[in-house]
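Notes follow the structure.
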Amino acid sequence: MFNNRVLAVLKRELREKLMSKTFILMTLLLPVFMFIAMVIPSYIMSIEGDEGTRVEIITESPLLTQRFETSFKELDFVKDTTYIIYYSTVPESDLMNYIDSKKEAMLNEKLHGIVYIPNSALKDKKIQYYSKNPNNKTLMDKVRGPINKVLLDEFFSTKDLSEEELSYTRMYPDVTGYKVSEKEEIEQVGFGNLILAYLFMFLLYVSLIFSGQMTMQSVQDEKQSKIVEVLLSSVSSRELMTGKVLGATITSTFQMAIWLIPILLFISTTWFVLPPEFTFDITYGHLLYFLVNFFFGLLIFIGLFATVGAIFENAQEAQSGMWPIFMLLMIPLFIGLSILKNPGNPMAEIFSMIPFATITVMPGRFTAGDVPMWQLIVSILVNIATIAVIFPLAGKIYRVGILRTGKKPTWSEVIKWLKYKY
Amino acid sequence: MYALEVKNLSKSFGTLKAVDNASFTVPEGSIFGLIGRNGAGKTTTIRMMMNIYMPDGGEVILRGAKVGQEFKNKVGYLPEERGLYKKMRVLETLLYFAELKGKTGRTVTKKAKEYLERFDLSNRLQSKVEDLSKGNQQKLQFITTVLHDPEFIILDEPFSGLDPINTNLLKEIILEKKKEGKVIIFSTHLMDFAEKMCDHIAMIDLGKIILNGSLSELKSKFSQKNVSINYEGDISFLQKHPIVEKISDFGNTTGIKVKEPGQTQELLKILVQNNVVVKKFDANDISLHEIFVELAGKEAGQEVLNV
């Protein structure tokens with residue numbers, strides 16, 4: 001299957017791709033875009049947009065109301081007037097009337113919400129929140145703690161506890177993660193690996209889509225410019241496809257290797273120092289696995305994109321052919337992102353070993369936590385099996401499609417092509 | 001010995017039978033024309049000969065052996081719809097196509113430069129293909145077809161879309177290659193060209209080969225009953241004459257077919273007797289077009305004239 005003609009096609013693809021401006025720009029700019037894409041959302045998240053929030057705290061007894069007022073006045077977000085808190089005492093029987101009277105203010109957003117703390121809260125901590133947007137998570141996150149503190153103080157004030165005991169009860173458990181692995185020592189870990197896992201999965205996804213679309217474009221150019229018939233008088237369609245897919249795969253693997261250099265430098269040198277919560281723990285083996293996995297992923301998806309390129313005459317028509325491939329890429333990405341919360345969960349294990357999904361999910365899982373060796377081998381075998389199954393089919397469709405012109409073919413026609421003796 | 005034998009080739013696309021049991025032979029050292037109207041099955045036949053399409057049935061024999069990759073390496077192919085990589089440079093393009101045929105190295109580079117010189121492109125070695133004029137792109141495409149010194153040259157509708165200069169250039173290449181003993185196969189719907197250039201032809205209509213053989217033999221076989229004339233006067237009385245089978249008006253000349261061989265002299269006599277001024281009377285000539293009309297029908301002939 002691999003001969004001088006494939007090599008000639010491959011060489012041309014490499015020359016054309018590696019020397020192209022697109023390749024150089026993409027190699028330089030994608031990391032920048034990735035950085036922006038990761039930083040901007042977290043920046044936006046940090047802007048809570050809750051300046052000037054007005055909330056009313058209501059209890060049933062003037063004493064409790066007083067306690068809340070004293071305690072809340074000391075809070076930073078009340079001091080800097082991000083939040084303006086009103087305090088009232090309303091008996092439970094009048095509560096509904098009172099809320100009715102405030103309804104208009106709440107609908108006009110002059111008042112953002114009413115927190116009602118009944119006396120019973122001192123027994124069961126059940127409180128009520130009335131608002132136009134009762135699911136405002138930012139607000140609740142801010143006031144939940146302080147409310148809890150007042151309730152705790154109130155609850156324990158009759159129990160005769162020391163300040164030390166009180167401050168202990170107010171504390172939340174503080175968890176530090178330690179990673180247990182094959183290695184001798186047990187080490188404390190930061191978020192570094194999690195961030196890397198996200199990074200790897202995004203890089204993989206973006207790069208697969210990009211190189212796939214480039215190949216599709218190149219196949220369509222050959223089809224449109226009619227050069228393909230000249231080519232097929234020298235090489236078989238299989239040789240042509242092999243050369244093209246390999247060319248694009250090698251180019252993108254090379255590009256990925258460039259992107260991984262900074263990470264390689266992190267783990268092999270002491271040139272860079274990261275804050276402890278961002279340190280990561282990955283090995284050369286991770287990087288090697290990542291490249292190998294990426295190589296197989298590229299072969300599979302570039303092969304699919306090339307096939308779609310051969311079926312349709314221009315990029316517009318090809319839209320309808322691309323969505324199944326996008327599904328195969330996107331669903332695993334979302335699965336991959338969601339499993340990072342718990343890399344050991346059984347669903348993650350399954351998805352990291354099923355065809356197509358394994359390409360995205362396994363690197364994420366492997367980076368976020370330990371994966372047994374046999375699973376990595378299964379993942380690679382699954383990829384090889386996928387290639388062995390889809391390439392003969394893709395090759396057939398490619399062979400028929402590449403010389404077809406005219407009407408946009410339907411899916412049922414494409415399936416018929418598989419039966420053609422071409 | 002035949003250079004190439006096409007045996008019972010068939011190819012269907014869905015319900016359409018594009019090529020139906022086609023057989024013909026191409027002798028060594030000949031210029032061979034595959035003739036038929038548009039959609040007759042010429043390109044499909046050629047693609048099967050080149051192994052671009054797999055035939056549903058039949059085979060192509062190259063000097064006694066079935067064609068395969070070996071044949072592809074020996075062929076220079078110029079498809080009807082031509083194309084080059086627009087972003088590639090001129091010399092690079094030539095070397096790439098030669099490499100696909102297994103030819104690399106200094107000899108090829110030298111030869112490429114010679115061809116470019118000959119076709120007035122030597123100052124464009126490093127130009128991008130897209131920067132060449134259409135005429136120059138066609139020249140470049142011709143060079144890619146012959147640079148690897150193919151033994152077979154297959155040209156699909158080679159003259160469509162060529163300007164007069166390139167038409168002559170291509171004819172020149174074809175004749176030169178013939179002198180070198182190469183086999184040239186071309187398909188065309190232009191009967192005139194075929195008539196002027198080919199030694200051997202195969203006629204294809206509706207996917208079927210309706211005629212195959214040496215052009216001169218075919219002509220003498222068909223001309224026994226055919227006369228082409230130029231005249232002044234009225235020949236409508238011939239329509240019902242017992243010795244006349246058919247009259248075809250080809251514009252400049254009129255073809256008359258008599259019922260039995262040897263009745264041509266009688267025809268001349270009748271014309272003179274009826275005061276028709278005969279300006280030219282050629283009893284030994286029949287155009288390919290007339291043969292085509294005779295075999296494929298008048299309607300088909302009209303179609304060939306109009307395309």
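In the text below, chain A, chain B and the rest are named by the order of the sequence lines, each starting its count at 1.
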Would one find more than 12 heavy atoms of other residues, nucleotides or ligands at under 6.0 Å from atom [atom1] of [X]?
X         : atom1 : answer
Phe254(A) : CZ    : no
Phe33(A)  : CZ    : no
Glu59(B)  : CD    : yes
Tyr2(B)   : OH    : no
Phe356(A) : CZ    : yes
Asn21(B)  : CG    : yes
Glu180(B) : CD    : yes
Lys113(B) : NZ    : no

message: Is Lys86(B) close to chain A through its backbone or its side chain, or both, or neither, when contacts mean heavy atoms under 4.5 Å?
response: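 The side chain, not the backbone.
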- prompt: When only heavy atoms count and the cut-off is under 4.5 Å, which of residues 140-151 of chain B reach chain A?
  reply: Gln141(B)
Minimum heavy-atom distance [X]-[Y], with the two atoms named:
X         : Y         : answer
Glu229(A) : Thr43(B)  : OE2-CG2, 4.4 Å
Ile52(B)  : Leu232(A) : CG1-O, 3.5 Å
Asn51(B)  : Arg399(A) : O-NH2, 3.6 Å
Ile227(A) : Gly83(B)  : CG1-O, 3.4 Å

message: Do the side chains of Glu80(B) and Lys226(A) get close enough for a salt bridge, i.e. N-O under 4.0 angstrom?
response: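 Salt bridge between Glu80(B) and Lys226(A), a charged N being under 4.0 Å from a carboxylate O: no.
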field: Residues Glu99(B), Lys11(A); criterion salt bridge (Lys or Arg N to Asp or Glu O under 4.0 Å); working and verdict
entry: CA-CA 11 Å; Glu99(B) 192 181 354; Lys11(A) 278 195 319 208; 2.8 Å; yes
- request: Against chain B, work out which of Glu413(A), Lys416(A), Glu222(A), Gln224(A) has the most heavy-atom pairs shorter than 4.5 Å and name it.
  value: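 The option with the most such pairs is Glu222(A).
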field: Option in Val9(A), Val228(A), Leu7(A) with maximal non-hydrogen atom pairs under 4.5 Å from chain B
entry: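 That would be Val9(A).
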- prompt: Cation over ring, Arg15(A) on Tyr96(B), under 6.0 Å and within 45°?
  reply: no
Side-chain touch Leu403(A)/Arg47(B), heavy atoms, less than 4.5 angstrom: yes
field: Student check: side-chain heavy atoms of Arg5(A) and Asn73(B) closer than 4.5 Å
entry: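 A side-chain contact under 4.5 Å exists here.
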query: Between Lys101(B) and Ser234(A), do the side chains contain an N or O donor and an N or O acceptor separated by less than 3.5 Å?
result: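 Yes - a donor-acceptor pair under 3.5 Å links their side chains.
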- prompt: Among Gln69(B), Met48(B), Met50(B), who wins on heavy-atom pairs under 4.5 Å with chain A?
  reply: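 Highest number of pairs under 4.5 Å: Gln69(B).
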message: Counting heavy-atom pairs under 4.5 Å with chain A, which one of Thr104(B), Val75(B), Leu84(B) comes out on top?
response: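 Of Thr104(B), Val75(B), Leu84(B), Leu84(B) has the most heavy-atom pairs under 4.5 Å with chain A.
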message: Here's a test for you: under side-chain contact (heavy atoms from CB on, under 4.5 Å), which of Tyr77(B), Phe97(B), Tyr85(B) qualifies with Val230(A)?
response: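 The passing option is Phe97(B).
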message: Show, in sequence, the C-alpha distance, side-chain angles and deciding distance for Lys72(B) and Ser233(A), and conclude whether the side chain to side chain contact (heavy atoms under 4.5 Å, CB included) test is met.
response: CA-CA 6 Å; Lys72(B) 281 191 175 182; Ser233(A) 75; over 6 Å; no
